[in-house]
Amino acid sequence: MKKYSLLDLPFSECKKIFEQLQLKKFVAKQIFHWIYQKNIYDFDKMSNISLNSRKIIKQNFMISDAKIIKISSDEKKETFKFLLQFPDKNSIEMVAMHFKYGWSICLSSQVGCNMKCKFCASGNKTKVRNLKPSEFILQYILAKKYISNLFHKNITNIVIMGIGEPFDNFDNLITTLKIFTNPFGLAIGPKHITISTCGICPKILELAKLMPKINLAVSFHGPNDKIRSELMPINNVYNCDLLIKTCKKYCSLTKNRITLEYLLLDNVNDHEKHALELIKRIKGLNCYVNLIPYNQIQKSNFIRSAKIEKFFDILKRNQILVKIRQERGNAIEAACGQLRILHGQ
Ligand code: SAH
């Protein structure tokens, strides 16, 4: 008989299955407490659950696992990159970063990626498969354990910006978010979670309906369709106008401010005219623009723009909220766009 993986189940679903198995209602609460608050994954150690209930649980459920097979860190020990392997030998990377406000973790959402953005190493390998909710959760649990052992600090923020397009794995993403935010689950405030998408418009609106409090970042990168389509093939499906219109709708549905990510590439999208075009396009959108310095990846002809400060000034002068992304992890190829699948498959 196939067992349910407990880490794949949101609280409501777990409760339902427990009831079908004639387990007492409160047992679901107890088991979530052991797993997510006490970090106990061995059913035999869940001492307040009766032996009979534990027997039924063991017959029907398992807790999936993953192995950290490599950890690299920068000299200052502010960035850690983990290579994580799942039982089917597929692997992904995730990154823990220390900022002034605390530790943040960047999670992957797929093994590989199908979006084929020209500047991103993650898309060099096509998608092998989606990550399951348990595999998102395991990234968090394992990084949290490592950081807390080493620094006695918690992880305060989660960004889903690693390998993969989270909206191309939408159902598992939503289940994961339910487990992250449920008070009986990991109890993480939705404002501490950010999802980055390349701009799959229908899913932006679905997120607004299902999880309106989660932060959303959109990879924009091109001020017009010509440039954006060249950089990001998804623009041929959801173009700039539709994307900005969708972002506006998202903001009015959720009352959130959206983050627009803009990667600056030398002589591609970093001229003054591009800044002015961007300003015009995002007029009336409740957003702040996050300017991203390009991180070099193998087999790419793009060059990091030297005009980032100038671009920043133009936006600022035009009353656009703008920030330059703090750089992390470049030395260990753990920065934005540098993550990829190295082993397995
Ligand atoms: N698929 C999602 C999330 C993964 S990429 C998305 O497209 O948003 C996370 C962020 O890193 C995106 O803004 C992406 O455009 C950016 N990025 C990708 N490659 C990069 C590179 N080489 N240098 C800097 N940022 C990069």
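No hydrogens, no waters, no symmetry mates; every other heavy atom, side chains included, goes into these values. Just so you know, ligand 1 is whichever comes first in the structure, and atom 1 is the first atom listed for that ligand.
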Next on the checklist: Before you tell me yes or no, could you show the steps for Tyr41 and Asn39 under side-chain contact (heavy atoms from CB on, under 4.5 Å), namely the whole-Å CA-CA distance, both residues' side-chain angles and the distance that decides it to 0.1 Å?
Outcome noted: CA-CA 6 Å; Tyr41 310 106; Asn39 309 315; 3.7 Å; yes
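- Relative orientation of the Phe80 and Tyr146 rings is perpendicular, given thresholds of 30° and 60° on the angle between their planes.
- Distance alone, capped at 3.5 Å, places no donor-acceptor pair between the Glu93 side chain and the Lys81 backbone.
- Contacts with ligand 1 closer than 4.0 Å are made by side-chain heavy atoms of Glu261 only, the backbone lying farther away.
- Heavy-atom contacts of Cys120 reach the following atoms of ligand 1: 18 (C), 19 (N) (cutoff under 4.0 Å).
- The ligand atoms of ligand 1 that sit less than 4.0 angstrom from a heavy atom of Leu263 are 23 (N), 24 (C), 25 (N).
- In this structure, of Arg325, Arg304, Glu165, the residue bringing a heavy atom nearest to atom 1 (N) of ligand 1 is Glu165.
- Only backbone heavy atoms of Thr197 (N, CA, C or O) come within less than 4.0 Å of ligand 1; its side chain stays farther off.
- Atom 25 (N) of ligand 1 has Cys336 CB, 3.3 Å as its closest protein atom, hydrogens excluded (heavy atom only).
- Annotation for ligand 1: atoms under 4.0 Å from non-hydrogen atoms of Ser219 are 6 (C), 7 (O), 8 (O), 12 (C), 13 (O), 14 (C), 15 (O).
- Taking only nitrogen or oxygen atoms, main chain and side chain alike, Phe119 reaches within less than 3.5 Å of ligand 1.
- Compare Met232, Gln296, Met161 by their heavy atoms: the one nearest to atom 9 (C) of ligand 1 is in Met161.
- Scanning the protein for heavy atoms near atom 4 (C) of ligand 1, the closest one is Gly162 O, 3.3 Å.
- Between Glu261 and Arg325 there is a salt bridge, since at least one side-chain N of the basic residue sits less than 4.0 Å from a carboxylate O of the acidic one.
- Between Arg281 and Asp241 a salt bridge is recorded (basic side-chain N to carboxylate O distance below 4.0 Å).
- Geometric assessment of Lys203 against the ring of Phe170 yields a positive cation-pi assignment under the 6.0 Å and 45° thresholds.
- At a heavy-atom distance under 4.0 Å, only backbone atoms of Pro293 (N, CA, C or O) approach ligand 1.
- Taking atom 18 (C) of ligand 1 as the reference point, the nearest protein heavy-atom neighbour is Gly337 CA, 3.4 Å.
- Of the heavy atoms in Asn295, both backbone and side-chain atoms come closer than 4.0 Å to ligand 1.
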Next on the checklist: Test side-chain contact (heavy atoms from CB on, under 4.5 Å) on Leu260 and Leu285; report intermediate values, then the result.
Outcome noted: CA-CA 10 Å; Leu260 276 197; Leu285 174 65; 4.2 Å; yes
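- For His221, every heavy-atom contact with ligand 1 shorter than 4.0 Å involves the side chain, none the backbone.
- Distances from ligand 1 to the non-hydrogen atoms of Gly164 include at least one value under 4.0 Å.
- At distances below 3.5 Å, not a single donor-acceptor pair connects side-chain atoms of Arg257 with backbone N or O atoms of Asn286.
- Residue contact check: Tyr294 has heavy atoms under 4.0 Å from atoms 21 (C), 22 (N), 23 (N) of ligand 1.
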